[in-house]
A.B. asks: 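My questions all concern the structure below.
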2 protein chains.
Amino acid sequence: MNEHQVRQVRHFNRVVTQHVGALEDSYLQRGRPLGQARLLYEVGSDGTDVRVLRERLNLDSGYLSRLLRSLEAEGLIQTEAQAESDGRVRHVVLTPKGVAERTTYDALSNKLAWSFLESLDLAQRDRLVSAMAEIEHLLRAGAVDIRAEIPDSAAAQWCLEQYFIELSARFEKGFDPAQSNSASIQEMMPPAGFFVVAWLDGTPVGCGGLKAGMEGTGEVKRMWTAPNARGLKIARRVLQRLEMQARESGLTRLRLETNRALTEAQALYRAEGYQEVEPFNSEPYAHHWFEKQL
Amino acid sequence: MNEHQVRQVRHFNRVVTQHVGALEDSYLQRGRPLGQARLLYEVGSDGTDVRVLRERLNLDSGYLSRLLRSLEAEGLIQTEAQAESDGRVRHVVLTPKGVAERTTYDALSNKLAWSFLESLDLAQRDRLVSAMAEIEHLLRAGAVDIRAEIPDSAAAQWCLEQYFIELSARFEKGFDPAQSNSASIQEMMPPAGFFVVAWLDGTPVGCGGLKAGMEGTGEVKRMWTAPNARGLKIARRVLQRLEMQARESGLTRLRLETNRALTEAQALYRAEGYQEVEPFNSEPYAHHWFEKQL
DNA sequence: TGATATCTCTGACTAGAGTCAGAGAATGAA
DNA sequence: TTCATTCTCTGACTCTAGTCAGAGATATCA
């Protein structure tokens with residue numbers, strides 16, 4: 001734990017919350033409690049079911065109901081049961097006045113954001129905005145959690161499915177798992193193997209499997225990262241996790257094969273110390289074979 | 001107002017507050033309201049006068065008193081009148097238990113900060129930390145406010161004093177305002193002239209004056225930036241503000257002279273379009289004379 | 001010395017945010 | 001058809017945070 005870095009993060013948190021706190025104040029200017037303002041914002045211009053609001057904002061149903069009542073009393077929203085659907089759930093829509101009010105809040109948010117940029121010159125604004133993008137990106141990367149999972153869990157299966165779909169699209173001749181060398185659930189499950197899923201904000205965004213073989217050699221299989229989560233170094237972390245597990249299981253060598261279409265994967269393997277070797281199997285979809293001593 | 005930038009700032013604010021909000025939750029884990037926790041933290045290991053706390057945290061005195069009472073009831077602090085000083089003000093110190101508790105909060109903060117870094121690799125950590133430093137720096141730069149001020153206001157006088165102190169230190173032969181060409185209060189005050197002070201967080205951090213002369217020519221004087229606020233482009237903004245004012249007053253040319261020790265000032269003048277010219281006065285401390293057509 | 005100001009404290013109050021228990025209507029499963 | 005479940009709503013609370021008005025002690029100014 002690098003103390004200088006921790007101190008910088010703490011200081012940053014303090015400064016930024018101070019700045020951002022100004023948003024709450026500007027929201028309160030409208031003379032409406034924050035809870036109501038947030039709710040008004042969340043209803044959105046197309047309307048929402050009450051149950052969805054409850055879930056999204058994570059509110060007690062009684063509390064939410066009261067918030068809705070007060071917005072309704074102000075003439076900002078209307079709630080009604082929607083015909084043709086579950087008669088228990090109620091649908092909330094903004095009245096014209098509500099739309100106007102929401103627009104005002106939106107403008108306030110814009111104004112606050114602009115106040116961050118306003119007195120900077122153009123070059124500084126660019127730097128600020130890209131530093132912000134960088135931080136978001138890295139926070140996102142840091143929020144990824146890599147967890148062991150059995151390969152027939154729903155999450156793992158979903159990842160594998162996405163993986164196959166992607167291979168079909170990217171390989172010149174498509175991809176049919178049945179034609180390919182095996183990596184069955186059993187083979188990637190303890191004690192024979194190992195499987196990990198990468199999670200981000202409650203959804204799986206990547207996976208990878210390890211299949212133990214003969215003579216201390218394991219095989220890395222099914223490495224995949226969701227398209228919307230690339231650039232977060234997820235595959236690298238998955239791979240490192242598999243290697244860790246391989247070492248713990250007493251394996252001394254890892255092998256893998258890959259298709260020439262998957263250039264970013266090859267780059268990763270080389271960067272992580274895998275050496276290209278002669279084909280060690282007859283995988284029909286492979287063009288490159290790699291190996292690493294653990 | 002660049003929409004893309006505004007959107008990025010808003011998004012950043014959302015993401016970051018979400019992340020940082022975790023701190024509050026972790027503070028609440030200790031089973032103590034946030035207000036008390038903050039106060040405990042602010043008392044610090046050396047103790048503080050109650051009045052200072054009131055001012056720093058901006059709390060109502062009744063409210064603060066009650067918060068202190070509850071921390072006292074928990075055995076975390078002690079308040080006592082300090083001998084040898086104003087008998088009205090009370091001094092708060094942490095008990096050993098209070099010190100321990102404060103240390104725990106500190107550790108929680110560290111842990112949260114660390115959680116930002118934890119699952120990043122070393123290169124990513126460096127990038128995160130420097131992006132954070134960059135943002136802080138730019139937010140600080142953005143918070144600088146440049147305001148017109150009469151040059152005998154307390155803030156202006158303080159700046160001028162600091163300016164003279166700095167010149168004395170930096171010039172080879174020291175600096176004596178009496179030896180130097182004049183830039184009196186009258187000369188830098190409307191209608192003859194103009195004076196601006198740069199403010200940051202309620203304290204003056206820079207200044208600059210404009211002295212109108214003959215034939216549409218004005219002189220820029222007393223450009224200064226506080227050492228702890230350099231790198232924020234304050235001098236540039238002050239200069240631009242003076243030029244704006246000069247144009248509004250119908251001036252068509254600005255002049256200024258400077259000492260060879262002030263290299264960063266010369267760089268600024270050149271960057272802002274000032275041309276070095278032959279000496280146009282006999283200022284004894286000057287080595288370079290500049291001029292710009294407005 | 002007396003008037004005024006300052007500092008801390010107590011009492012009485014408010015608003016926001018949220019929790020919890022249950023009621024009533026609609027829905028779904030056996 | 002019945003029984004359990006889901007969804008929304010009302011009523012009754014709680015806790016935190018904060019405001020406001022003064023009281024009592026101490027300090028300062030004229």
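Note that these values count all heavy atoms, side chains included, but never hydrogens, waters or copies made by symmetry. Lettering follows sequence order; numbering is per chain, from 1.
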A.B. asks: Base, sugar-phosphate, or nothing: which does A/Gly62 touch, judged by heavy atoms less than 4.0 Å apart?
C.D. replies: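 The residue A/Gly62 makes base contact.
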A.B. asks: Go nucleotide by nucleotide along DNA chain C from the 5' end; which of A/Arg88 and A/Gln36 gets its closest nucleotide reached first?
C.D. replies: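 Going by which nucleotide is closer to the 5' end, it is A/Gln36.
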A.B. asks: Could you tell me how far apart B/Glu80 (CD) and C/dT8 (C1') are, to the nearest whole angstrom?
C.D. replies: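 Taking atom C1' of C/dT8 as the reference, CD of B/Glu80 is at 15 Å.
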A.B. asks: Specify the separation, in whole Å, of atom OH of A/Tyr63 and atom C1' of D/dC15.
C.D. replies: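 Answer to the nearest Å: 13 Å.
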A.B. asks: What is the separation between atom CG on B/Leu59 and atom C1' on D/dC20, rounded to the nearest whole Å?
C.D. replies: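 These atoms are roughly 15 Å apart.
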A.B. asks: Nearest to the side chain of A/Ser61 - D/dT8, C/dC9, C/dT8?
C.D. replies: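 From the listed options, D/dT8 comes nearest.
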A.B. asks: 5'-most contact on DNA chain C: A/Arg38 or B/Leu64, nearest heavy atom basis?
C.D. replies: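 That would be B/Leu64.
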A.B. asks: Over all strands shown, is A/Gly35 touching base, sugar-phosphate only, or nothing at heavy-atom distances under 4.0 angstrom?
C.D. replies: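 A/Gly35: backbone/sugar contact only, no base atoms under 4.0 Å.
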A.B. asks: Please name the residue in the list B/Leu76, B/Thr95, B/Leu94, B/Leu71 that meets the side chain to side chain contact (heavy atoms under 4.5 Å, CB included) test with B/Glu101.
C.D. replies: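 It is B/Leu76; the other options fail the test.
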A.B. asks: Does the distance from a Lys or Arg side-chain N to an Asp or Glu carboxylate O, for A/Arg90 and A/Glu80, drop under 4.0 Å?
C.D. replies: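 Result for this pair is no, no salt bridge flagged.
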A.B. asks: Atom CG of A/Leu57 and atom C1' of C/dT19: how far apart are they, to the nearest Å?
C.D. replies: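 For the pair A/Leu57 CG and C/dT19 C1', the rounded distance is 17 Å.
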A.B. asks: Is the phosphate of C/dC7, meaning OP1 or OP2, less than 4.0 Å from a side-chain N or O of B/Arg90?
C.D. replies: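 Negative; the distance criterion is not met.
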A.B. asks: Short question: side chain of A/Thr48, backbone of A/Gly44 - any donor-acceptor pair under 3.5 Å?
C.D. replies: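 No; judged by distance alone, with no hydrogens or angles, the pair does not exist.
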A.B. asks: Rounded to whole Å, please give me the gap between CG in A/Asp60 and C1' in D/dT10.
C.D. replies: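 Those two atoms, CG and C1', are 12 Å apart.
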A.B. asks: Could you tell me the separation between the CZ atom of B/Arg66 and the C1' atom of D/dA17, rounded to a whole number of Å?
C.D. replies: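 Value for this atom pair: 11 Å.
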A.B. asks: Do any N or O atoms from the side chain of B/Glu136 and from the backbone of A/Phe12 form a donor-acceptor pair under 3.5 angstrom?
C.D. replies: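 Side chain of B/Glu136 to backbone of A/Phe12: a pair is present.
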A.B. asks: To the nearest Å, give me how far apart CG (A/Leu71) and P (D/dC9) are.
C.D. replies: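 Distance, rounded to whole Å: 12 Å.
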A.B. asks: Could you check how far CG of A/Asn58 sits from P of C/dA17, rounded to whole Å?
C.D. replies: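 That distance rounds to 16 Å.
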A.B. asks: Which one, C/dC9, D/dT8, C/dC7, comes nearest to the side chain of B/Val89?
C.D. replies: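 My answer, after comparing the listed nucleotides, is C/dC7.
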A.B. asks: Hey, is the side chain of A/Arg51 poking within less than 4.0 Å of OP1 or OP2 on D/dT6, counting only N and O atoms?
C.D. replies: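 The answer is no; no side-chain N or O of A/Arg51 sits under 4.0 Å from OP1 or OP2.
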A.B. asks: State whether the side chain of B/His137 and the backbone N or O of B/Gly231 hold a donor-acceptor pair below 3.5 Å, judged by distance alone.
C.D. replies: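 Confirmed, B/His137 side chain pairs with B/Gly231 backbone.
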